[in-house]
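Each chain gets a letter, A, B and so on, in the order the sequences are listed, and its residues count up from 1.
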There are 2 protein chains.
Amino acid sequence: MESLSPTAYVILGMLRREQLSGYEIKAKVDNSTRFFWAASYGQIYPELKRLSEAGLVEGADSPTGGRKRTVYEITADGEEELKAWLRQPPEVFEMRDEGLLKLFFAEALPPAEAVEIVRAMRHYREAVNARLREIEPDKDEDEARYPLVVLRCGIEYTDWFVDWCRRVEEQILAAADAEQRRS
Amino acid sequence: MESLSPTAYVILGMLRREQLSGYEIKAKVDNSTRFFWAASYGQIYPELKRLSEAGLVEGADSPTGGRKRTVYEITADGEEELKAWLRQPPEVFEMRDEGLLKLFFAEALPPAEAVEIVRAMRHYREAVNARLREIEPDKDEDEARYPLVVLRCGIEYTDWFVDWCRRVEEQILAAADAEQRRS
DNA sequence: ACAGGCATGTAAATAGTTACATGATTCG
DNA sequence: CGAATCATGTAACTATTTACATGCCTGT
């Protein structure tokens, strides 16, 4: 069998706990894994079709009133595929942070403008932190142990990042001050 | 003017400090921004051509012996373009971490296997941390202030992440223990 | 002589986002 | 009634990686 796209496993993982429609999967992803693994409709719907053809999920019509709707359920094969993937060591660790990239090149700007880059980075992380803290109390400790562990990772990470930004902001301003006094 | 691809700015940023060939740009990226902004040959060479056509960089033949080689230099327009970009608030903050994704779904595995996911994550971050610490002493404090700030961000981040992994590993094993004793 | 690094480039494949089209239902 | 949300899907675009092809130079 051809290997599955990484996004396929997000779908299998989500379906392992409950039956969901494509629309609901997208909503779940946006509220949880999105911060370290996003997925768009453009991937979810075609992928559901492929998984269905491969026999890893099964769809059933389940209209809400007259609105047509297909809910998917994971099959035994799907669950095996998911577990086999979980047992492989993770390989993708990617980060694309435009803020860090700009800061890296910030020598091209005066300190007062360089510090703005870090401030923008901090504001973004503060917003994410607030968003994650909103989600936290919803989770039931027992029912969602690992999702909660991961969520708290996000909170702790953004806490650390915000603190780092604050320190760097001060550092840049202090260095600029010292330089000005020297001249 | 059409807006530039994000990778174009990596090139402009690198060329602002010194003239470089495409090959050298790739090497620089691999030793610095790669951890938060990668670029491959497949992007660098075509992008250099485009930037050259747009007048933001200028290439000059500079063969090493009989081996042909083109070094690029940033133009005044290129520098303006770079600064204008640096002044825009950063927008891309993406992360794709297969380890966190697997951990999120780890309920499908027994704790002894779930903990392996976290261990793999830790080993990866430990390796990155070691790599960054190797690079650190090379940097001259004054000549590369911002690159050093960013590098130390990477070290601190991986330090934090490794510590988080250790704590989660213990937590998972402790929970598994408690559950076993209960039955 | 040959391995490894320097050097440039392209083609194909894969990934992923965005925008759009369609239409039903629910809530205020 | 209109806006928001539920629901499914596709097309076009952008980004990016991987693999390959080519060939020179340096050190062993």
Side-chain angles (χ1 to χ4, degrees), chain A residues 2-11 14-15 19-31 33-53 57 59-72 91-98 101, chain B residues 2-11 14-15 19-31 33-53 57 59-72 91-98 101:
Chain A
E2 239 190 299
S3 81
L4 297 176
S5 81
T7 315
Y9 295 105
V10 183
I11 295 176
M14 289 294 176
L15 291 181
Q19 310 187 150
L20 296 165
S21 67
Y23 187 82
E24 288 168 325
I25 289 171
K26 166 77 164 125
K28 290 261 167 194
V29 166
D30 282 348
N31 268 296
T33 67
R34 151 171 77 120
F35 299 105
F36 50 89
W37 206 282
S40 61
Y41 288 127
Q43 283 177 277
I44 291 171
Y45 285 113
E47 198 60 53
L48 277 170
K49 203 173 278 183
R50 249 167 299 171
L51 288 172
S52 182
E53 277 160 22
V57 305
D61 282 351
S62 167
T64 322
R67 181 168 24 184
K68 75 173 172 181
R69 180 164 165 270
T70 311
V71 288
Y72 292 87
E91 283 179 351
V92 182
F93 302 95
E94 275 163 35
M95 202 174 169
R96 282 186 101 66
D97 190 313
E98 205 185 353
L101 186 64
Chain B
E2 237 189 303
S3 81
L4 298 175
S5 82
T7 315
Y9 295 105
V10 183
I11 295 176
M14 290 295 177
L15 292 180
Q19 310 187 153
L20 296 166
S21 67
Y23 188 83
E24 287 168 325
I25 290 171
K26 167 76 164 125
K28 290 258 168 196
V29 166
D30 283 348
N31 267 297
T33 68
R34 152 172 76 121
F35 299 106
F36 49 90
W37 207 285
S40 61
Y41 288 127
Q43 282 177 279
I44 291 171
Y45 286 112
E47 198 59 53
L48 277 170
K49 203 172 277 182
R50 249 167 299 171
L51 288 172
S52 184
E53 278 160 20
V57 305
D61 283 351
S62 167
T64 322
R67 182 168 24 183
K68 76 173 169 179
R69 179 164 165 272
T70 311
V71 287
Y72 291 88
E91 283 180 350
V92 182
F93 302 95
E94 275 163 36
M95 201 174 171
R96 284 185 99 66
D97 189 314
E98 206 185 353
L101 186 63

List the residues meeting salt bridge (Lys or Arg N to Asp or Glu O under 4.0 Å) with A:Arg67, not counting sequence neighbours, and say none if there are none. none
Does anything in residues 35-46 of chain A form a side-chain hydrogen bond (donor to acceptor under 3.5 Å, both in side chains)? List the pairs, not counting sequence neighbours. A:Thr7-A:Gln43
Separation of atom CD in B:Glu91 from atom C1' in D:dA15, rounded to whole Å: 16 Å
More 5' along DNA chain D: B:Trp37 or A:Tyr45, using each one's nearest nucleotide? A:Tyr45
Donor-acceptor contact present, side-chain B:Glu98 to main-chain A:Glu91, <3.5 Å: yes
Return the set of residues passing salt bridge (Lys or Arg N to Asp or Glu O under 4.0 Å) with A:Arg50 (not counting sequence neighbours), or none when no residue passes. A:Glu47
Strictly under 4.0 angstrom, non-hydrogen atoms only: write out the protein contact profile of nucleotides 20-28 of chain D, one letter per nucleotide from the 5' end, B, S or -. ---BBS---
If an axis is fit to five pairs at each end of the helix from C:dA1-D:dT28 to C:dG28-D:dC1, what is the angle between the two, to the nearest 10°? 30°
Treating A:Arg34 as the side-chain partner and A:Val29 as the backbone partner, does any N or O pair qualify as donor plus acceptor under 3.5 Å? no
Atom CD of B:Gln19 and atom P of C:dA7 are separated, to the nearest Å, by 14 Å
Euclidean distance, atom CD1 of residue A:Ile44 to atom C1' of C:dT18 [Å, nearest integer]: 14 Å
For B:Phe93, what residues pass the side-chain contact (heavy atoms from CB on, under 4.5 Å) criterion, not counting sequence neighbours? A:Asp97, A:Met121, A:Tyr124, A:Arg125, B:Pro90
